[in-house]
2 protein chains.
Amino acid sequence: METLETANKPTTERILEAAEGLFAAQGIRGTSLKEITELAEVNIAAVNYHFRSKDALVRAVFERSFEPLNAERLRMLGEAENGGGPLTLERVLRALFEPMLRAWQTNRNFILLVGRLQSEPDAELTNHIHGLYVPLIERFLRAARRAAPDVPENELFFWIHFLFGGVVYTLLNSQDMEKMHPGQNPIDTTEAFLHDLIAFGTAGLRSRSQSQPRRS
Amino acid sequence: METLETANKPTTERILEAAEGLFAAQGIRGTSLKEITELAEVNIAAVNYHFRSKDALVRAVFERSFEPLNAERLRMLGEAENGGGPLTLERVLRALFEPMLRAWQTNRNFILLVGRLQSEPDAELTNHIHGLYVPLIERFLRAARRAAPDVPENELFFWIHFLFGGVVYTLLNSQDMEKMHPGQNPIDTTEAFLHDLIAFGTAGLRSRSQSQPRRS
DNA sequence: GTCTATAACTAGATAGAC
DNA sequence: GTCTATCTAGTTATAGAC
């Protein structure tokens, strides 16, 4: 385990960076405070001094990672809604996925943290992060409804989540997929993947238009 | 934590059932052998007697859960290939997803275990399970290629994985989605979800036909 | 095969000196 | 703010009686 370029960053920042990397690589339960403080080159007692507990540190790491991403998503959606030109499904999907792919491109930790969240069943943490996402989801769902009024709302809600899951899964497994089929991985360039993802998603969503919702 | 209907099942079976449920609900690292043996109503030392270690028990639980499922997938795929009628993309996707959805319908533990696998970064376990899947993936990819020769192979490989990820994600989060939009969850009946999933997936995949692969 | 008892270890958290 | 030392509780695994 190598050390970080800690330079003269403050202790809390060093801890957050080390924790983010280790949570991403090893999971939350799989990472001890000892490992974090060793990588951050701070004393073992510093975590409980600057944060209150391991749980509080975990929440801080996730918030630091997710909040700027969601802010950028909302910014892009606002631009799509008010920036002239029609509000298309393509632009809504782009506002949702482009910031995520850019984040992934510069720092793979982000998507790994999303994966940890999916399967480390810490109810408190899950609810906490969930709260960050609810207003975002509502905003995007309203926009998608405007952009594709002929697709039933429950279908929009469901299939956008489905697409989100597909993206998370393929990013999480991109190394394994590369190993299985070298050179056949379409996510080697963000822009190309984004383009194909939007094509795939809108084709799937539009195939659901006109159809009746299955529940009244 | 309730006890299982252990009846007069042998000790190993009791341990496997208890471990499966707890791994699904709490994760692997989040579950101690003490919890497992208490739920199974066997002695704490029984695990190390019947299995060799916690790791060996974990592998046994996952194999027991995944192997019959993959056998059924291959059976359905063989039927689609040799049972008369053309081999369509629809039938390939159905062979891949129908057994998974049926398993989910009768025992939600299965999909939760898939989720644990995604994010508990135990390299040994991941590689072990990975080995179970490689031949399956190759078989399905060959069939998909026959069914959709006009879609580039790398796209088939990628988007089928993508669909798999979407299914895993939506099943994993089906309770949360139900909470967010009550009554708008299309996976309340397996057959309806399967039908729509195949429609969505084939629409997406067919939108990729004719296009050039992005890498030579 | 099943049990008790315990070994050997690691975790998160804290008290108190500096 | 930072350190050492230590506490308490939990973990897997095993030895050995029954």
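Chain naming here is simple, since letters A, B, ... match the order of the sequence lines and numbering starts at 1 in each.
Taking atom CZ of residue B:F51 and atom C1' of nucleotide C:dG1, one finds them 14 Å apart after rounding to whole Å. Rounded to whole angstrom, the span from the NE2 atom of A:H50 across to the P atom of C:dA13 amounts to 16 Å. Atom CD1 in B:I36 sits about 8 Å away from atom P in D:dT12, given to the nearest Å. Per the geometry, CG belonging to A:L33 stands 9 Å off P belonging to C:dA11, to the nearest Å.
With rounding to the nearest 0.5 Å, the separation of CG in A:L101 from CZ in A:F193 is 6.0 Å.
Heavy atoms of A:A45 sit under 4.0 angstrom from at least one base atom.
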Inset, instruction - Apply ring-ring contact (aromatic ring centres under 6.0 Å, His included) to B:F162 and A:F200, showing your working. - result: CA-CA 10 Å; B:F162 183 94; A:F200 187 96; 5.6 Å; yes
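Counting only heavy atoms from C-beta on, A:S32 has its side chain closest to C:dA11 among D:dT12, D:dT4, C:dA11. In the set C:dA13, D:dC3, D:dT2, the nucleotide with an atom closest to the side chain of A:N43 is D:dC3.
Heavy-atom distances to DNA chain C give each of A:D55 and B:Y49 a nearest nucleotide, and the one nearer the 5′ end belongs to B:Y49.
A salt bridge links B:R64 with B:E13; the closest basic N to acidic carboxylate O contact falls under 4.0 Å.
The environment of CZ in A:R145 is sparse: at most 12 heavy-atom neighbours from other residues, nucleotides or ligands sit within 6.0 Å.
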